[in-house]
Asker: 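Just dropping this structure here.
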Amino acid sequence: MIDVAIVGAGPNGLMLACELALAGVHPVVLERHAAPTGEPRANGLVGQVVRLLYRRGLYARLSGESTPPAPQPAFTFGAFPLDLTMLAENPHYVLGVPQAQLEAGLAVRAAELGVDLRRGHEVVDLRQRLDAVEVHLADGTQLTSRFVVGADGGRSVVRRLAGIDFPGVTNDRSISRTATVTVPASFLDPETGGLRVPGHGVVPPFQHTRTARGLIAWAPFPGRPAILSTTEWPDPPTNDETPMSLADLRASVARVLGADIPLGAPDGPGLLRRLTGRNTRIAARYRADRVLLVGDAAHVHPAMGGPGLNLGLQDAVNLGWKLAATVRGWAPEGLLDTYESERRPVAERVVMSTQAQSALIGPGDEISGLRELFAELLRKPEVTGHIAALMSGADIRYPADPADPLAGRCAPDVVVHTERGAIRLAELTRTARPLLLDSTGAYAGIAAPWRDRVDVVTGSLEGTTAAALLVRPDCFIAWSAGDAATLRASLAHHFGLPR
């Protein structure tokens, strides 16, 4: 019998497979496509997930950089530029790799960890038993798995087969057009990298520029074709089924900007995509007995601010260690259910953020007045800091002991000074095992009965005021220095009773 069958070999499914393999569980990934599609989707990762990839040793292989990720000095929110240099602590990170490259990197890592990735395997039915799930494939074969995880996107077959509703709303007012393009050199602004448009001015790069008629974004990615996109709100709404062309996008640009940009196709394959409307939905439940959902299978929302992979990959890392603990038999009662209780509120905040941004970019003079007020608020560092924490996920605090100020929050970039030298937290978290960091030496003995599942590192701690930290595999703090009783209780609460 298979331990865990993951349906979908996108970033979230592959990340979950890697997490399970690190925890000693052997997953099988079932992907209906016979080969990676290479379909252009996300253009990068935004938020705290970049730090998480660094802590798993994946950042260097994806970015090509040997140094730790650094916060970005600027970003956007609802087509407003965010000046993040005004913040004392900037939580916002960006990794500009396309989704296809991310998937390829995760597939390589999964293979290194011995993950069984089966392409060309389409799931058509699920039948739950008390102890397992029967998975039926399109070729007439079937397999049996203790658990099944749907990582198969917003149109999830697993979610439908498990009987999980997907409530929410579909707004069909907007039309978004996106294409890979070339533009005449005279339209490129050498100082900013933006588009210098006669009759309008400069369209800055990697930002959303709003007018009263719509939205435009210009993304001149280094080493690959630039992407130009627009969003409009036609009145009355339309649903054009004809294939999109560069001429369609050029006409849309002219309507949004009131000025023309000559557009050409890139050398080689290009992207031409038109999307009508926006979906905002969260699954009625993340778990139906032995079937669970991650990523877009559990939630969909507008792409404003690029939160999708930040949300989905952290779903996978939150679920991974809990599902592995359940499979291996040491999970405390109710641990697997905390996947939804912790991650659903995060999805709800992402939905709130993307809906707010969608409202702020809308057409009309009333929205222009709202934006004028909002621009004043963003000059205040405390407002920009609040929004940066929201967009990056740095404001997450999972339910924890209210008397412990650090518990439930993401662990800081601690350095442990040991007898063997200084060790960064990112070097200790690559194995995805729980960690007790102890600067006193007094707590190590308490954790000794859990040595089969909790690693203990002693040494002085730099980067935190706590004398000791108990860090979960997903790099969130379970406990910070208290008495022996609270540590023992936290170990049992998160990692079960010792053998």
Side-chain angles (χ1 to χ4, degrees), residues 44-56 59 63 65 67-78 80-96 206-207 305-307 309-311 313-314 317-318 342 345-346 349-350 352-353 356-357 374-400 402 404-417 422-429 435 437 439 460-472 474-481:
L45 296 100
V46 175
Q48 294 289 295
V49 69
V50 178
R51 295 175 71 206
L52 177 62
L53 291 175
Y54 174 65
R55 291 175 173 182
R56 286 294 188 266
Y59 177 79
S63 68
E65 300 175 4
T67 56
Q72 290 292 298
F75 202 67
T76 63
F77 178 87
F80 286 98
L82 290 179
D83 178 9
L84 303 178
T85 61
M86 70 171 70
L87 304 182
E89 294 186 12
N90 179 0
H92 210 69
Y93 296 79
V94 174
L95 176 57
F206 302 109
Q207 294 184 24
L309 288 172
N310 190 26
L311 181 59
L313 290 173
Q314 293 199 73
V317 175
N318 184 288
E342 290 185 346
V346 180
R349 284 188 63 76
V350 168
M352 176 270 287
S353 170
Q357 293 182 75
F374 211 84
E376 293 181 10
L377 295 174
L378 286 175
R379 297 188 189 107
K380 300 178 180 293
E382 62 270 26
V383 175
T384 294
H386 183 90
I387 289 176
L390 167 66
M391 295 186 71
S392 67
D395 62 349
I396 295 172
R397 186 179 187 187
Y398 295 141
D404 188 334
L406 299 181
R409 300 192 181 279
C410 188
D413 290 321
V414 173
V415 177
V416 187
H417 295 275
I423 307 174
R424 290 179 175 270
L425 179 65
E427 299 173 69
L428 298 170
T429 54
L435 284 170
L437 308 179
S439 68
S460 63
L461 304 183
E462 177 188 347
T464 180
T465 58
L469 294 172
L470 180 61
V471 182
R472 305 180 344 174
D474 57 0
C475 297
F476 278 77
I477 297 170
W479 169 92
S480 65

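FYI, the numbering just counts along the sequence from 1. All values derive from a computational prediction rather than experimental measurement.
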Asker: Does any non-hydrogen side-chain atom of L45 lie less than 4.5 Å from one of L313?
Answerer: yes
Asker: Identify the heavy atoms of P412 and T464 that sit nearest to each other, and give their distance.
Answerer: CG-CB, 4.3 Å
Asker: CZ of F374 to CZ of F80: how many Å apart, nearest 0.5 Å?
Answerer: 6.5 Å
Asker: Under a 4.5 Å cut-off applied to non-hydrogen side-chain atoms, are V317 and R56 in contact?
Answerer: yes
Asker: Please enumerate all residues that pass salt bridge (charged side-chain N to carboxylate O under 4.0 Å, His left out) together with R409, with sequence neighbours excluded.
Answerer: none
Asker: Could you report the tightest heavy-atom contact between A467 and S439, atom names first, then the distance?
Answerer: O-OG, 2.5 Å
Asker: F206: what forms a side-chain contact (heavy atoms from CB on, under 4.5 Å) with it, not counting sequence neighbours?
Answerer: A219, P220, F221
Asker: Which heavy atom of L469 sits nearest a heavy atom of S480, and at what distance?
Answerer: CD2-CB, 3.7 Å
Asker: If only atom types and distance count, is the side chain of R397 paired as donor or acceptor with the main-chain N or O of A407 below 3.5 Å?
Answerer: yes
Asker: Locate the shortest heavy-atom distance separating C475 from L52; write the atom from each residue and the value.
Answerer: SG-CD1, 4.3 Å
Asker: Measure the shortest side-chain to side-chain distance between L428 and I423 over non-hydrogen atoms and say whether it is less than 4.5 angstrom.
Answerer: yes
Asker: Kindly state each residue pair satisfying side chain to side chain donor-acceptor pair (under 3.5 Å) with at least one member in residues 374-396, sequence neighbours excluded.
Answerer: R349-D395
Asker: With a 4.5 Å heavy-atom cut-off, do N310 and Q314 have their side chains touching?
Answerer: yes
Asker: Which residue pairs pass the salt bridge (Lys or Arg N to Asp or Glu O under 4.0 Å) test with at least one member in residues 462-472, sequence neighbours excluded?
Answerer: E342-R472, R472-D474
Asker: Does any non-hydrogen side-chain atom of V414 lie less than 4.5 Å from one of V471?
Answerer: no
Asker: Do L435 and L425 have side-chain heavy atoms sitting under 4.5 Å apart?
Answerer: yes
Asker: Which atoms form the tightest heavy-atom contact between P91 and Q48, and what is the distance?
Answerer: O-NE2, 2.6 Å
Asker: What's the spacing between M391 CE and L82 CG if we round to 0.5 Å?
Answerer: 6.5 Å
Asker: Which donor-acceptor pairs under 3.5 Å do side chains of residues 68-76 form with protein atoms, sequence neighbours excluded?
Answerer:
none

Asker: Would you sort out whether V346 and N318 count as a side chain to side chain contact (heavy atoms under 4.5 Å, CB included), showing the intermediate values?
Answerer: CA-CA 12 Å; V346 180; N318 184 288; over 6 Å; no
Asker: Start with the C-alpha distance between I387 and L378, add both sets of side-chain angles, then the distance that settles side chain to side chain contact (heavy atoms under 4.5 Å, CB included), and finish with yes or no.
Answerer: CA-CA 9 Å; I387 289 176; L378 286 175; 3.6 Å; yes
Asker: Quick one: are F77 and S353 in side-chain contact, heavy atoms under 4.5 Å?
Answerer: yes
Asker: Quick one: salt bridge (charged side-chain N to carboxylate O under 4.0 Å, His left out) partners of D413, sequence neighbours excluded?
Answerer: R51, R55
Asker: So which atom in C410 and which in I477 form the shortest heavy-atom distance, rounded to 0.1 Å?
Answerer: O-CD1, 4.3 Å
Asker: Are the side chains of Y54 and E65 in touch, meaning some heavy atoms are under 4.5 Å apart?
Answerer: no
